[in-house]
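Counting starts at 1 for both ligands and their atoms, in listed order.
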Amino acid sequence: MAEFDYDLFVIGAGSGGVRASRIAASHGARVAIAEEHRVGGTCVIRGCVPKKLLVYGAHFAEDIQDAQRFGWDTKGASFDWNILRDNVAAEVNRLEGLYGQTLGNNKVEVFHERAVITGPNSVRLSGGREITATTILIATGAWPSVPVIPGAGHGITSNEVFSLPKLPKRAVIAGGGYIANEFAGIFNELGVKVNLVTHGDRVLRSYDDEIVDRLVDISRHKGIDIRFNFAFKSITKRDDGTLLLEGNDGKTIETDLLLWAIGRTPHSTGLNLEQIGVELGKDGSVKVGDDSRTNIPSIYAVGDVTNRVQLTPIAIREGHAFADSVFGNKPRTVNYDYIPTAVFSNPPIASVGMTEAEARAEYDDVKVYKSDFRAMKNVLADRNERALYKMVVAGSEERVIGLHLIGPDSGEILQAAAIAVKAGLTKQDFDDTVALHPSMSEELVLMK
Ligand code: NDP
C-alpha cells in the first residue's frame, strides 16, 4: 500500500464522503478528501438542515394564529426574513465547522479544491498537485436540474433559495416533488403568493395517491395555487425585474421569483470519468454494484452520484458499508428495503413500504386500514385540517407492508412505526399495542 500517497482518496465532503472518510480512517487507513464547495455537502449546507429550520420558522405563522384560540394575545407579532435567513446561515456555518473538526479529529486530510480523476489510482487537484491512492471514492452528490429552455437561467434553484436578499411577493415553484412541496409550504406560510407548477398530472408520484390528494387539497385550501400539465416554453425577464413564464400551450404566468425544483442530476460531469473508462448510466449516474464498486476495481462511488436512492441517510449507510468492507475487513452491503421517507410539506407526509397501488399490483390479498381524523390541537384551534393514516397489509396474516401518513409531526411518528414495519409485524401486532392517549400516533394502533 505504501507505494501510494494515501490508502483512500475521497472526492466530495458531503454526507457519504465524510462518513466513508471517518470510518476508513478509524480502521487505520490514510485518508484524504477533496471538496470544492463547503464541507458538509448538500444536506448540511443547502438541503435538509437549512430547509428544516425554514420549515420550523415558517410554521410559527400558523402557530401564532392558532395561539389566539389557546388564550394568547399575539397582536403585533411580525416576521423578519433577514433574521431567519441569517440565523439559519449561522447554524449551517456552525455545522460546517463541526464536520471539518470530525475530519481533523480522525486525521483525514482535507483539500479545499476540486479534484479530477486521472487514472485508476490518481487524482489531480485544481491547484495542479497530483495525488495517488490505492482506492478512490466518488461522493460528489447531485446537482439541481434546470431545463434547457430560453431564459431558464432567470430562475433559481435550491442552491440559492436559502440566501434570498428578500422574500418575493409571488413565487412560481416548478416541479411537484420533495423540494417543490416543501418550499411551497415554507413560502406560503411566510406570506408569499405561491404557484406550484408541474409538467405531469400528479405531484409526489412515489407517494400514496390518497395521501397526496389530501396534501393537494390542504395546500390549495391554504392558498397555494397548484397547476398540473404545464410545459415551460420560455422565461422572459422584464425591465421591472418580474418574470414572464410562457407555457407550450401559450398560457403565461407572471411572477417575481422562479424556483426550479424538477429533480437533481448526479454530479458526475467534469471528473474525467468517461476518459478513464468509468461506466455511467444514461442519467449520468456512476454505475456501481452492491458493494459500491465501479467497473474499475480501485474506484468506488456512494450517495446521490450513483442515483440509487437520493437520500442522506442512504448516502451515509453506503459510505459506512464501503469503509467497513474495504478497510475494516467487515464486508457488508446496504439493505434498501423499507426506507422511511418524509416530505416536510405543510402538513408533512411520511411513508414506508408499498403504496396501496403498488401493493395491489404485486399481491392478490391486499387490505387497507385507515384513520381519517382531526388532530386535537387543530380542533381547539378551529383549523379544519384532517390527518390521514393508511396501513396497507397483505396475506392472511395481514403483514404490514406499507404505512402512509399525512398530518402534524408525521415524520416524527413514522420513524418509530417504521421499525415495526421493517421487522415484519402484522396488523394484529399493532392492535395488540395499547394506545398512548391522547396522541396522534395512537391512531396507528386503532385503524379500522
Ligand atoms: P423530485 O425528484 O422529488 O421531483 C421532481 C418533480 O419535478 C416531479 O414532480 C416531476 O414530475 C417534476 N418535473 C420534472 N421535470 C419537470 C419540468 N421540466 N417541469 C415541471 N416539472 C417537472 O425532485 P426534487 O428536486 O424535489 O428533489 C430531488 C431529490 O432530493 C428527491 O428525489 C429526494 O430524493 C431528495 N430530497 C429529499 C427530501 C426529503 O427527504 N425530505 C427533501 C428534498 C429533496 P413527474 O414526476 O411528473 O415527472
Side-chain angles (χ1 to χ4, degrees), residues 14-16 41-56 141-152 155-162 172-186 195-207 209 212 215-216 219 226-235 245-249 251 253 258-267 283 285 303-316 318 336 339-352 355 405-406 410-412 414-415 418:
S15 301
T42 300
C43 182
V44 175
I45 306 296
R46 48 188 178 272
C48 339
V49 171
K51 178 277 308 290
K52 190 73 185 280
L53 291 170
L54 291 190
V55 167
Y56 283 132
W143 204 246
S145 315
V146 172
V148 186
I149 53 164
I156 63 163
T157 69
S158 54
N159 286 348
E160 296 81 38
V161 74
F162 297 103
V172 166
I173 305 179
Y178 284 83
I179 297 176
N181 282 283
E182 291 177 345
F183 272 93
I186 292 167
N195 201 328
L196 186 149
V197 178
T198 188
H199 65 171
D201 57 358
R202 292 210 61 76
V203 296
L204 294 167
R205 211 171 273 289
S206 63
Y207 282 84
D209 290 343
V212 171
L215 178 66
V216 169
S219 299
I226 300 182
R227 200 173 297 194
F228 296 103
N229 302 312
F230 185 93
F232 285 90
K233 186 175 166 204
S234 66
I235 321 293
L245 321 182
E246 195 186 349
N248 274 342
D249 57 3
K251 292 200 176 114
I253 310 175
L258 168 64
L259 172 64
W260 294 116
I262 59 170
R264 294 172 57 82
T265 312
H267 200 193
D283 55 0
S285 59
D304 288 359
V305 75
T306 66
N307 212 8
R308 284 176 277 189
V309 181
Q310 286 194 6
L311 292 173
T312 298
I314 296 297
I316 289 173
E318 289 169 353
Y336 296 92
I339 299 170
T341 59
V343 185
F344 295 99
S345 44
N346 181 29
I349 288 180
S351 166
V352 64
T355 64
L405 322 178
I406 178 168
S410 58
E412 303 291 342
L414 187 90
Q415 174 71 79

Structural part of Gln310 in contact with ligand 1, heavy atom criterion under 4.0 angstrom: both
Please round to the nearest 0.5 Å and tell me the distance separating atom CD1 of Ile253 and atom CD of Glu246. 11.0 Å
Counting heavy atoms only, which part of Cys48 comes closer than 4.0 Å to ligand 1: side chain, backbone, both or neither? neither
At the 4.0 Å heavy-atom cut-off, does Thr341 count as touching ligand 1? no
Under 4.0 Å from any heavy atom of Lys51, which atoms of ligand 1 are there? 41 (N), 42 (C)
I need the Asn181 CG to Ile186 CD1 distance, nearest 0.5 Å. 11.0 Å
So which protein heavy atom does atom 26 (O) of ligand 1 come closest to, and at what separation? Ile179 N, 2.8 Å
Identity and separation of the nearest protein heavy atom to atom 47 (O) of ligand 1: Arg205 NH2, 2.7 Å
Any idea which heavy atoms bring Arg264 and Thr42 closest together, and the distance? NH2-OG1, 3.1 Å
Is it the side chain (CB and beyond), the backbone, both or neither of Leu204 that lies under 4.0 Å from ligand 1, heavy atoms counted? neither
Atom 1 (P) of ligand 1: the protein heavy-atom neighbour that sits closest, reported with distance to 0.1 Å: Gly177 CA, 4.0 Å
Could you go through the side chain to side chain contact (heavy atoms under 4.5 Å, CB included) check for Ile149 and Lys233 one step at a time? CA-CA 6 Å; Ile149 53 164; Lys233 186 175 166 204; over 6 Å; no
Any idea which heavy atoms bring Ala174 and Trp260 closest together, and the distance? CB-CE3, 3.4 Å
Which atoms of ligand 1 are found less than 4.0 Å from any heavy atom of Arg264? 28 (C), 29 (C), 30 (O)
For ligand 1, is there an N or O atom under 3.5 Å from any N or O atom of Ala342? yes
List ligand 1 atoms under 4.0 Å from Leu311, heavy atoms only on the residue side. 40 (O)
Do Tyr56 and Phe344 have ring centres separated by under 6.0 Å? no
Only heavy atoms of Gly263, strictly under 4.0 Å: list the atoms of ligand 1 that pass. 5 (C), 23 (O), 24 (P), 25 (O)
So how far is it from Leu259 CG to Thr157 OG1, rounded to the nearest 0.5 Å? 7.5 Å
Provide, to 0.1 Å, the distance between atom 37 (C) of ligand 1 and the closest protein heavy atom, together with that atom's residue and name. Tyr178 CD2, 3.5 Å
Going by heavy atoms, is Pro147 under 4.0 Å from ligand 1? no
Between Thr355 and Tyr207, is any pair of side-chain heavy atoms under 4.5 Å apart? no
Nearest-neighbour protein heavy atom for atom 42 (C) of ligand 1, which is reported as residue plus atom name and distance: Glu182 OE1, 3.3 Å
Nearest neighbour in protein (non-hydrogen) for atom 48 (O) of ligand 1: His199 NE2, 2.8 Å
Within the structure provided, determine whether Thr306 and Pro266 are in side-chain contact (heavy-atom separation under 4.5 Å). no
Hey, are the side chains of Arg202 and Val212 touching, using non-hydrogen atoms and a 4.5 Å cut-off? yes
